[in-house]
Amino acid sequence: MNDDFDSDTGDDDLFSDDINHDVPFHHAGTLMELNDNKAGMADLDKEKISRIIEEASKGSKFYDHKKKQQERIDAKIADLLRKKKAITEEQLKNASAKVGQIVRNLEKSRDLSRTFVHVDMDAFYAAVEMRDDPSLRDKPMAVGGPGMLATSNYLARRFGVRAAMPGFIGQKLCPDLIIVPPNFEKYRAVNAIFSEVFAKYDPNYSAMSLDEAYLDITEFLRLDQNVRKPSDLSHAEEVVSDLREEIFLATQLTASAGIAPNTLLAKVCSDINKPNGQFYLRPERPVVAEFVEKLSVRKACGIGKVTEQMLNALGITTCAEMFEQRALLSLLFSEISALSFLRVSMGLGSTFMGDSDAPAKSVSNERTFKATSDADFLRDQCRRLCEELSEDLVRKQLQAKSVTIKLKTDTFDVKTRVRNLPEATWNADVLCRHVVPMLESEMAPKRAFRLMGVRASNLCEKSANQQSTLDAILKQPSGTERLCPVCSTSLAKLSLALVNAHLDRCLSGSQQDDVQCPICSGFFRRPEIEHHAATCEGAATSTTPSVKSAPIRKRGAAREDGFVPRDECQRKPKKQLTLSAFFDQRKSES
DNA sequence: ATACATACC
DNA sequence: GACTGGTATGTAT
């Protein structure tokens with residue numbers, strides 16, 4: 001069902017714009033079909049695969065939802081076509097002139113001087129599992145669970161078993177399919193190893209996930225120039241070949257790579273000779289032009305299934321066609337979309353790498369469960385999500401000024417509700433007090449939910465205000481009694497962590513007279529908290545060493561693709577947020 | 001500004 | 001039997 005219906009509308013363009021003398025590329029009309037079956041012919045042909053998938057999901061709520069979704073897309077496309085019909089020749093001519101100017105400017109800005117590499121590990125999770133269990137090597141297998149597969153090996157792909165496919169459908173496509181549960185700790189460890197190789201070629205490399213990264217090897221090439229012997233391959237190819245070899249020697253895993261003058265093209269190129277291959281796109285304008293002409297628009301990062309359908313409906317499949325229709329697109333889409341289409345069609349991409357330590361804009365936590373309308377369960381779930389989110393925020397030293405609740409009904413419809421907080425916080429209880437009412441106003445006797453999520457946004461680093469408050473307290477000479485600046489009660493007997501907990505509650509406006517335990521998040525009256533914390537911490541520290549810092553350097557999904565069951569990957573056991581960890585994080589700042 | 005949609009891995 | 005989770009960004013109202 002998730003297979004694309006080729007809405008191959010014929011070429012009904014009334015407008016051919018040959019008034020442009022600024023066409024950067026001569027786009028011939030050759031529609032070369034890109035090989036879409038990568039690793040050998042399917043054991044099951046496409047027809048059969050779609051039929052099995054169709055049968056497996058027909059009648060399910062998921063399938064119904066997909067159908068509804070597709071109807072909305074179709075309506076949007078119909079709208080688009082209506083809009084197109086209403087466009088006059090004159091409007092198009094004007095647009096054409098405007099776009100022409102943009103094209104000239106873009107062309108002027110084209111930079112072919114840098115060398116980018118996109119490195120992508122081949123079937124990463126599956127490859128790791130096969131490496132460590134030779135009995136899997138000659139069998140179709142996938143990593144994931146019965147609910148969702150994260151990736152599959154190349155043998156399984158021949159049966160149509162793919163990432164982001166539910167496990168039970170994978171089993172239907174390939175009855176012998178072995179499904180291995182993911183082991184994210186291991187993947188992280190392997191990632192740490194080949195990341196060292198990346199760093200050698202570009203200390204500023206940018207990791208997109210555990211299995212892929214962008215490198216700017218311009219500088220490396222410059223320094224390496226004199227050291228290297230001549231060979232058939234270009235310098236860049238030689239270097240990237242070495243890089244892949246080093247990854248293999250270090251991990252026994254293969255990687256594919258794309259080499260190109262910008263990140264957009266590098267990404268496309270890394271897919272061409274996968275697995276265990278690389279593709280070099282020479283940094284010459286005609287070479288880039290020819291390459292991009294034949295490129296399916298879908299290959300461009302940012303053009304997904306929906307946008308592809310819309311473009312297809314306009315008769316646009318390749319980048320050449322997209323370039324031809326640039327004036328039309330500028331009239332049909334927003335400025336920002338039209339510009340991004342234009343850049344893609346000209347083969348322009350980013351020629352500098354994103355700041356790897358840009359601050360996160362949101363932190364969220366969501367979980368799917370058996371659909372229910374049970375209010376107690378939902379409230380409970382909500383509290384748990386808030387507590388976990390709070391841990392994440394503390395870990396990242398961020399506070400939220402807004403919280404969002406996300407709910408998915410049993411029919412897969414998603415609702416979100418935001419609320420702005422009076423003050424930035426990371427306190428679980430505060431989050432919860434704002435989220436639960438939003439949950440409650442969405443609950444209805446007949447409405448069952450299958451997922452709930454909580455997101456913190458409008459983030460700020462732990463506020464200077466609060467930090468200085470804490471500093472001020474801590475810097476009081478020992479011997480003087482520490483008083484809370486908010487409620488003026490004595491904090492002398494509390495450990496640093498508990499001072500923090502107290503401050504959080506005071507600063508976030510809590511009127512209550514109890515203190516939250518940073519370990520179990522429970523609330524206790526002040527006389528009881530010391531005793532409680534001692535027990536709680538004892539239990540916690542005996543099992544856990546410390547909070548580990550993630551090996552990933554960049555924000556983003558820590559996955560190759562598809563599903564990461566929370567409990568198996570990032571979420572440490574509850575007790576991981578120990579008193580000492582809590583302590584360390586704050587202490588290190590004062 | 002809020003909600004919803006799309007995209008990426 | 002059972003279609004994910006985390007983050008960013010664009011679009012619509």
Side-chain angles (χ1 to χ4, degrees), chain A residues 1-2 53 56-57 59-66 69 72-73 76 79 120-121 124-125 144-151 162-172 182 184 187 207-213 267 298 300-310 333-340 354 358-371 385 388-389 392 396 402 404-408 410-420 438 442 450-459 552 554-571:
Chain A
M1 104 221 86
N2 48 11
I53 294 176
S57 42
S60 69
K61 291 186 168 170
F62 181 77
Y63 186 75
D64 290 346
H65 179 257
K66 276 282 166 208
Q69 208 171 237
R72 274 201 305 276
I73 295 168
K76 217 157 92 176
D79 227 60
D120 195 341
M121 301 298 293
F124 182 46
Y125 300 164
M148 188 57 61
L149 303 178
T151 190
R162 293 284 149 105
M165 172 180 279
F168 75 96
I169 290 182
Q171 301 271 20
K172 289 201 171 142
F184 290 96
Y187 310 146
M208 301 309 291
S209 61
L210 285 183
D211 85 311
E212 73 179 78
K267 174 100 201 310
R298 183 60 226 271
C301 204
I303 299 182
K305 274 193 64 155
V306 175
T307 311
E308 180 194 23
Q309 285 184 54
M310 298 202 288
F333 291 86
S334 71
E335 204 176 320
I336 192 157
S337 295
L339 181 63
S340 117
K361 298 194 170 149
S362 71
V363 181
S364 67
N365 179 11
E366 68 187 57
R367 196 166 302 145
T368 296
F369 40 80
K370 189 163 169 295
L385 289 165
E388 289 168 354
L389 182 64
D392 266 7
K396 295 173 177 159
S402 306
T404 304
I405 186 171
K406 171 175 167 183
L407 294 163
K408 194 187 306 186
D410 57 347
T411 54
F412 291 87
D413 295 304
V414 175
K415 296 190 180 305
T416 59
R417 295 287 177 266
V418 217
R419 185 183 286 199
N420 295 313
M438 294 195 282
E442 294 304 322
R450 69 176 343 265
L451 170 145
M452 191 186 306
V454 181
R455 173 161 65 244
S457 57
N458 250 305
L459 302 178
I552 308 184
K554 198 178 164 153
R555 64 182 193 278
R559 317 171 16 236
E560 175 181 2
D561 200 343
F563 173 40
V564 179
R566 166 168 219 100
D567 292 339
E568 295 172 86
C569 58
Q570 57 244 21
R571 185 59 53 198

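Each chain gets a letter, A, B and so on, in the order the sequences are listed, and its residues count up from 1.
Checking the phosphate oxygens (OP1, OP2) of dA8(C), no side-chain nitrogen or oxygen of Arg455(A) falls inside 4.0 Å. Between dA3(B) and Thr416(A), no contact under 4.0 Å exists linking OP1 or OP2 to a side-chain N or O. Remark: Lys396(A) is in phosphate contact with dT7(C), judged by side-chain N or O atoms under 4.0 Å from OP1 or OP2. At least one side-chain nitrogen or oxygen of Lys76(A) sits closer than 4.0 Å to the OP1 or OP2 atom of dT6(B). Listed pair Thr307(A) / dA7(B) meets the phosphate criterion, a side-chain N or O lying under 4.0 Å from OP1 or OP2. Within the structure, a side-chain polar atom (N or O) of Arg298(A) is placed less than 4.0 Å from OP1 or OP2 of dC8(B). Close to dT7(C), at under 4.0 Å from its OP1 or OP2, lies a side-chain N or O of Ser364(A). Within the 4.0 Å cut-off from OP1 or OP2 of dC3(C), not a single side-chain nitrogen or oxygen of Lys61(A) is found. In terms of phosphate contacts, Asn420(A) brings a side-chain nitrogen or oxygen within less than 4.0 Å of OP1 or OP2 of dT2(B). A close approach under 4.0 Å does not occur between any side-chain nitrogen or oxygen of Lys406(A) and OP1 or OP2 of dT2(B).
Across dA7(B) and dT4(C), the matching C1' atoms stand 15 Å from one another, rounded to whole Å.
Formation of a donor-acceptor pair under 3.5 Å by the Ser60(A) side chain with backbone atoms of Ser57(A) is found in this model.
Ion pair Arg367(A)/Glu388(A) flagged as a salt bridge, since at least one NZ, NE, NH1 or NH2 atom sits closer than 4.0 Å to an Asp/Glu carboxylate oxygen.
As a whole-Å value, the separation of Ile53(A) CD1 from dC3(C) P is 15 Å. In this structure, Ile303(A) places its CD1 atom 14 Å from C1' of dC8(B), rounding to the nearest Å. Counting to the nearest Å, the C1' atom of dG6(C) and the CG atom of Leu389(A) are 12 Å from each other. Atom CZ of Phe412(A) and atom C1' of dC3(C) are 6 Å apart (whole Å). If you measure from atom CD of Gln309(A) to atom P of dT6(B), you get 10 Å, rounded to the nearest angstrom. Rounded to an integer number of Å, the gap from CZ of Phe369(A) to P of dC3(C) is 13 Å. Atoms CD (Glu366(A)) and C1' (dG6(C)) sit 7 Å apart, rounded to a whole Å. Rounded to a whole Å, the CD1 atom of Ile336(A) is 7 Å from the C1' atom of dG10(C).
His65(A) and Phe412(A) have tilted rings, their planes meeting at an angle from 30° to 60° on a 0 to 90° scale.
At the heavy-atom level, Lys370(A) lies nowhere under 4.0 Å from the strands shown. Residue Ser60(A) is classed as having no contact, given no heavy-atom separation below 4.0 Å to the nucleic acid. Within 4.0 Å of Thr404(A), counting heavy atoms only, lies no atom of the nucleic acid at all. Contacts of Arg419(A) with the nucleic acid, taken as non-hydrogen atoms under 4.0 Å apart, are absent.
Residue Thr368(A) is the one, among Ser362(A) and Thr368(A), whose nearest nucleotide of DNA chain C lies closer to the 5' end (criterion: closest heavy atom). Projected onto DNA chain B by closest heavy-atom contact, Ala300(A) and Arg72(A) fall at different nucleotides, the more 5' of which corresponds to Arg72(A).
The salt bridge (Lys or Arg N to Asp or Glu O under 4.0 Å) check on Arg417(A) picks up Glu442(A), with sequence neighbours excluded. Residues that satisfy the ring pair (Phe, Tyr, Trp, His ring centres under 6.0 Å) test with Phe168(A), not counting sequence neighbours, are absent from this structure.
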